[in-house]
Q: 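Below: one structure in structure tokens.
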Amino acid sequence: MLPARLLRQALPRPAPSFGYSTAGPTMEEKPVESSIRTKLLQALQPVHLEVLNESSMHAVPRGSETHFKVVIASPRFAGLPLLQRHRLVNEILQAELAGPVHALSIQAKTPQQWEENQSVSQSPGCLGGSKHDPQMATKLGSQG
């Protein structure tokens with residue numbers, strides 16, 4: 001596979017790209033991750049979409065689908081301030097946010113912003129209270 005910078009030089013326009021998370025025991029997507037991806041693809045028709053399951057960075061059982069990062073570049077974001085972009089994504093994913101998803105990090109860009117800067121900020125480590133609970137490993141069972 002060509003590096004992104006060479007791929008951009010070879011193409012007259014940025015090609016749509018859709019990242020897939022590899023978190024979990026297999027390369028297959030899980031139901032919540034798949035639902036997030038499908039809803040965002042249908043509603044926003046992005047030129048770039050990554051749905052990353054970051055649950056393993058938190059004190060939750062292995063295989064959980066509770067913490068996600070979405071990196072999305074869509075023409076629908078043109079002219080919208082960042083807050084409105086986040087509200088739009090949250091509205092599309094309201095069922096997931098009301099149910100299984102505990103945390104959602106959103107990086108929402110226009111296609112032009114994505115073309116100019118394809119950097120993705122790294123998520124911080126979990127500082128939640130359960131990380132400091134000395135009994136958490138016992139509560140969650142062996143994860144290693």
Side-chain angles (χ1 to χ4, degrees), residues 1-11 13-133 136-137 139-144:
M1 181 174 219
L2 289 173
R5 64 179 174 75
L6 293 178
L7 185 59
R8 284 194 307 273
Q9 292 171 356
L11 297 173
R13 296 182 63 212
S17 58
F18 306 102
Y20 289 85
S21 169
T22 58
T26 68
M27 295 291 286
E28 295 178 25
E29 281 190 66
K30 297 180 180 177
V32 177
E33 184 175 342
S34 181
S35 175
I36 291 170
R37 182 177 314 286
T38 299
K39 287 181 176 185
L40 293 175
L41 284 171
Q42 290 175 351
L44 299 176
Q45 301 173 340
V47 297
H48 179 84
L49 175 63
E50 294 176 57
V51 176
L52 306 169
N53 183 347
E54 297 186 330
S55 302
S56 64
M57 296 170 54
H58 301 274
V60 295
R62 182 177 298 239
S64 292
E65 291 190 282
T66 56
H67 297 70
F68 287 91
K69 176 189 288 188
V70 170
V71 180
I72 185 168
S74 171
R76 292 274 312 272
F77 296 147
L80 294 179
L82 187 58
L83 182 60
Q84 289 301 109
R85 296 174 192 185
H86 283 228
R87 286 179 177 162
L88 182 58
V89 170
N90 285 333
E91 182 179 314
I92 293 164
L93 301 177
Q94 64 185 347
E96 289 77 9
L97 292 168
V101 176
H102 169 74
L104 179 65
S105 169
I106 303 168
Q107 293 185 25
K109 300 180 179 189
T110 65
Q112 180 181 356
Q113 289 170 326
W114 177 250
E115 183 59 28
E116 292 170 1
N117 181 1
Q118 296 185 6
S119 66
V120 177
S121 64
Q122 187 171 354
S123 298
C126 178
L127 297 175
S130 58
K131 281 282 190 185
H132 305 288
D133 181 350
M136 188 51 59
K139 293 175 185 175
L140 293 176
S142 176
Q143 291 191 18

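Counting begins at 1 with the first residue of the sequence. Since the model is a prediction, treat every value here as computed from it, not as a measurement.
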Q: Tell me the closest heavy-atom pair linking Lys69 and Ser123, and the distance in Å.
A: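 In terms of heavy atoms, the two residues are closest at CE-OG, 2.9 Å.
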
Q: What pair of heavy atoms forms the shortest contact from Arg87 to Gln84, and how long is it?
A: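 For Arg87 and Gln84, the tightest heavy-atom pair comes out as NH1-OE1, 3.0 Å.
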
Q: Which pair of non-hydrogen atoms, one from Ser74 and one from Leu44, has the smallest distance, and what is that distance?
A: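 Closest approach of Ser74 to Leu44: OG-O, 2.6 Å.
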
Q: If I compare all heavy atoms of Ala95 with all of Lys39, which pair ends up nearest, and what's the gap?
A: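 Reported closest heavy-atom pair: CB-NZ, 3.8 Å.
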
Q: Which value, rounded to the nearest 0.5 Å, describes the distance between His86 atom NE2 and Gln107 atom CD?
A: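 So the NE2 of His86 and the CD of Gln107 are separated by 8.0 Å.
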
Q: Measure across Trp114 and Ala73 and return the closest heavy-atom pair with its distance rounded to 0.1 Å.
A: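 Shortest heavy-atom contact: CB-CB, 3.5 Å.
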
Q: Quick check: does any side chain N or O of Lys109 sit under 3.5 Å from a backbone N or O of His48, one acting as donor and the other as acceptor?
A: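 Looks like no, no N/O pair under 3.5 Å.
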
Q: So how far is it from Thr66 OG1 to Leu104 CG, rounded to the nearest 0.5 Å?
A: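 If I round to the nearest 0.5 Å, the distance is 11.5 Å.
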
Q: Are more than 12 heavy atoms from other residues, nucleotides or ligands located less than 6.0 Å from atom NE2 of His102?
A: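 No - once you tally the heavy atoms of other residues, nucleotides and ligands closer than 6.0 Å, there are 12 at most.
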
Q: For atom CD of Gln112, decide whether the heavy atoms of other residues, nucleotides or ligands shown that lie under 6.0 angstrom number more than 12.
A: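 Check fails, neighbour count at 12 or below.
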
Q: So, the side chain of Thr110 versus the backbone of Phe77: is there a donor-acceptor pair under 3.5 Å, distance only?
A: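 Answer holds: no.
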
Q: Between Ser55 and His67, which heavy-atom pair has the shortest distance, and what is it?
A: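 Shortest heavy-atom separation between Ser55 and His67 comes out as OG-N, 3.0 Å.
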
Q: Checking Glu96 against Ser35: is there a side-chain donor and acceptor pair closer than 3.5 Å?
A: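 Distance-only check passes for Ser35 and Glu96.
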
Q: In Å and rounded to the nearest 0.5 Å, what is the CZ to CG distance from Arg76 to Leu40?
A: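 If we round to the nearest 0.5 Å, Arg76:CZ and Leu40:CG are 11.0 Å apart.
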
Q: Take atom CD in Gln122; do more than 12 heavy atoms of anything else shown fall under 6.0 Å from it?
A: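 Counting other residues, nucleotides and ligands, CD of Gln122 stays at 12 neighbours or fewer.
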
Q: Quick one: are Ile92 and Ile36 in side-chain contact, heavy atoms under 4.5 Å?
A: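 A side-chain contact under 4.5 Å is absent here.
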
Q: Between Arg37 and Glu33, is there a salt bridge with N-O shorter than 4.0 Å?
A: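 Yes.
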
Q: Take Phe68 and Leu93 through the test side chain to side chain contact (heavy atoms under 4.5 Å, CB included) and record every step on the way to the result.
A: CA-CA 12 Å; Phe68 287 91; Leu93 301 177; over 6 Å; no

Q: May I ask you to decide if Ser64's main-chain N or O and Asn53's side chain share a donor-acceptor pair within less than 3.5 Å?
A: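 Yes; judged by distance alone, with no hydrogens or angles, the pair exists.
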
